[in-house]
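In what follows, a single structure is set out as structure tokens and then discussed.
Here the structure is a predicted model, which is why all the values come from computation and not from measurement. Excluded from the calculations below are hydrogen atoms, water molecules and symmetry mates; all remaining heavy atoms, backbone and side chain alike, are included.
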Amino acid sequence: MKGKTRVYVVIVALFLCPLLCLCGCGRGASGGKQEQGAGQGSFEQGSSGQGAGSSAQGTGAMQLVPQEGEHYYITTYGILTTPVNAWGFRVSGGNLYSAVTDFEKGINRYYRESLSGNAAREELFIGRDVYQEVTEDSILFCPGEEDSLYFILAKEEDNGNRRYFILQCGPKGEELLRREITGDLADDVSKELLQPQGFVLDGEGRACLAVEGGVLLYDKDMEYQGKVSERKAVLSLVEGRDGKVYYTRKDPAVPDGELELAEVDFAGKKSVEVCSDFPRGYYTDSLSAGERYDFLVSMGDGLYGCSLEGQKAEKILDWLEEGTTASQVMYVFEEGGEYRAVERSDSLQLARVREVAKEDMPPEK
């Protein structure tokens, strides 16, 4: 790191619990489901998550004062306890939502944890009627209006075929809506079912579902409205600050090729390119709506901010200078004027949150 940059790192792992014993640390185990997607308010809980892949801890903070030449300290602030087999990170209502795959049991568990550091990580829908179906059949999820949560379900039939559904659950786990979408996933030519790859709602509650060859469109009642055809691979979907849906795309035949950001034109059933000013190279699949910039995009060499006005991308942070690599960055978001990255540590096999001090942020535009 250079200059006066200060970085805060949250590190939680089973073998670090003794180090953090002054502020409390729970224990959990990691597992993980062969099929999972990308791509999440408050929920009424039966209990906090203590199942596979979870860990709860207290809210006190213990700081290790940095020595001369060091640029960070370890703290329990933020209480991120996410294991490496987590995916689908979304920030909503001051909470970080994620899914954790338990490969041993073949299920997905869904979690919420407060970004303010004042609540332990909770597993959603424990003890609710929908819990078994959601954990066993879901492959994608995203948050909805009035504290609801939407899931894409893939149900195996006795004959080996699959049927796909959109399921909306209320804050108590009650079923609010269910629509079968199996027919919508049939390829136009081969008629084979396409695998759902990403899922998000726009500001009006309409849904966009990414598949190979484009984005499927649904109205608020989850009725199929058509498809945005796309010759490039759709990588990440996100709702922008303006309530519209945007996605990153890339030519699958050119792994280090140009990354583009496109807007979904729901009415016209087409996409509109809004920015291609990114460096060629590795993309970490991390796309989120920002505050200072319209979007945050994690690339191989660093974090980029993209502004719709001017359609320009500007480098914010250099991963190597921050002591990490792009392959370790799972998700980047901005909360309360600070950038945070959920990061996988290859040596410790855990995830952590990195916080950059407010005074080190780029100046307001």
Subject >> Lys250 side chain near Leu235 side chain, heavy-atom distance below 4.5 Å >> reply: yes
Original post:
Salt bridge check: are Lys232 and Glu273 linked by an N-O gap of less than 4.0 Å?
Top reply: no
Subject >> Salt bridge flag under 4.0 Å for residues Arg241 and Glu291 >> reply: no
Original post:
So do Cys208 and Asp202 actually touch side chain to side chain, heavy atoms under 4.5 Å?
Top reply: no
Subject >> Spatial distance of atom CZ (Arg206) from atom CE (Met222) [nearest 0.5 Å] >> reply: 10.5 Å
Original post:
Are any non-hydrogen side-chain atoms of Ile139 and Gln195 less than 4.5 angstrom apart?
Top reply: yes
Subject >> Cation-pi, Tyr218 ring and Arg179 (6.0 angstrom, 45 degrees) >> reply: no
Original post:
Can you tell me if CD on Glu175 sees more than 12 non-hydrogen neighbours from other groups inside 6.0 Å?
Top reply: yes
Original post:
Looking at residues at least two apart in the chain, or sitting in another chain, which of them share a salt bridge (charged side-chain N to carboxylate O under 4.0 Å, His left out) with Arg163?
Top reply: Glu157, Glu180
Original post:
Between the main-chain N or O of Glu223 and the side-chain N or O of Asp221, is there a donor-acceptor pair closer than 3.5 Å?
Top reply: no
Subject >> Gln132: partners by side-chain hydrogen bond (donor to acceptor under 3.5 Å, both in side chains), with sequence neighbours left out >> reply: Glu136
**OP:** Could you tell me the separation between the CG atom of Leu96 and the CZ atom of Phe89, rounded to the nearest 0.5 Å?
**Re:** 6.5 Å
**OP:** Say whether Ser298 and Thr284, considering side chains only, have a donor N or O and an acceptor N or O under 3.5 Å apart.
**Re:** yes
Original post:
Just how far is it from atom CD of Glu263 to atom NZ of Lys270, taken to the nearest 0.5 Å?
Top reply: 10.0 Å
**OP:** Evaluate the side-chain proximity of Lys269 to Leu217: yes if any heavy-atom separation is below 4.5 Å, no if none is.
**Re:** yes
**OP:** Check Pro279 against Tyr304 and note the closest heavy-atom contact, atom names and distance.
**Re:** CG-OH, 3.3 Å
Subject >> Salt-bridge present (Glu258, Arg280; N to O < 4.0 Å) >> reply: no
Original post:
Taking all atoms of both residues into account, what is the closest heavy-atom pair of Tyr246 and Leu287, and its distance?
Top reply: O-CD2, 4.3 Å
Subject >> Over 12 foreign heavy atoms within 6.0 Å of CG, Asp219 >> reply: yes
Original post:
Can Tyr331 and Ser98 be counted as having a side-chain donor-acceptor contact under 3.5 angstrom?
Top reply: no
Subject >> Considering all heavy atoms, the nearest Ser148-Glu145 contact >> reply: OG-O, 2.8 Å
Original post:
Nearest 0.5 Å, what's the OG-CD distance between Ser276 and Gln311?
Top reply: 8.0 Å
**OP:** Measure the spacing between CZ of Arg162 and CG of Leu153 and express it to the nearest 0.5 Å.
**Re:** 11.5 Å
**OP:** Give a yes or no on whether Lys312 atom NZ has more than 12 heavy-atom contacts from other residues, nucleotides or ligands under 6.0 Å away.
**Re:** no
Original post:
For the side chain of Thr248 and the backbone of Ser236, is there at least one donor-acceptor N/O pair under 3.5 Å apart?
Top reply: yes
Original post:
Is Lys315 close to Asp301 at the side-chain level, that is, under 4.5 Å between some pair of heavy atoms?
Top reply: yes
Original post:
Can you check side chain to side chain contact (heavy atoms under 4.5 Å, CB included) on Asp265 and Ser271, steps first, answer last?
Top reply: CA-CA 6 Å; Asp265 179 352; Ser271 64; over 6 Å; no
Original post:
What's the verdict on side chain to side chain contact (heavy atoms under 4.5 Å, CB included) for Thr135 and Asp102, showing C-alpha distance, side-chain angles and the deciding distance?
Top reply: CA-CA 10 Å; Thr135 56; Asp102 184 333; over 6 Å; no
Original post:
Any side-chain heavy atom of Ile316 sitting closer than 4.5 Å to one from Tyr293?
Top reply: yes
**OP:** Nearest 0.5 Å please: distance from the SG atom of Cys142 over to the CD atom of Gln168.
**Re:** 9.5 Å
Original post:
Side chains of Asp294 and Cys306: closer than 4.5 Å at any heavy-atom pair?
Top reply: no
Original post:
With the threshold set at 4.0 Å, does a side-chain nitrogen-carboxylate oxygen contact exist between Lys172 and Glu174?
Top reply: no
Subject >> Trace of the side chain to side chain contact (heavy atoms under 4.5 Å, CB included) decision for Trp87 with Asn108 >> reply: CA-CA 10 Å; Trp87 54 274; Asn108 289 320; 3.7 Å; yes
Subject >> Heavy-atom pair with the smallest gap, counting every atom of Ala154 and Tyr164 >> reply: CB-CE2, 3.5 Å
Original post:
side-chain hydrogen bond (donor to acceptor under 3.5 Å, both in side chains) with Ser288: which residues, sequence neighbours excluded?
Top reply: none
Original post:
So do the side chains of Phe295 and Val274 get within less than 4.5 Å of each other, counting heavy atoms only?
Top reply: no
**OP:** Check the hydrophobic clustering (I, L, V, M, F, W, Y; side-chain heavy atoms under 4.5 Å; chains of links allowed) and say if Tyr282 and Met299 are grouped together.
**Re:** no
**OP:** Over all heavy atoms of both residues, which pair between Gln197 and Val234 is shortest? Give the atoms and the distance, please.
**Re:** OE1-O, 4.2 Å
Original post:
How far apart are the C-alpha atoms of Ile152 and Leu209, what are their side-chain angles, what is the distance that settles it, and do they pass the side chain to side chain contact (heavy atoms under 4.5 Å, CB included) test?
Top reply: CA-CA 9 Å; Ile152 301 296; Leu209 181 65; 4.1 Å; yes
Subject >> Over all atoms of both residues, closest heavy-atom pair of Val100 and Ala86 >> reply: CG2-CB, 4.0 Å
Original post:
Would Tyr110 and Phe151 count as a close aromatic pair, with their ring centres under 6.0 Å?
Top reply: yes
**OP:** Report, as yes or no, whether the 6.0 Å neighbourhood of atom CG on Asn159 holds more than 12 heavy atoms from other residues, nucleotides or ligands.
**Re:** yes
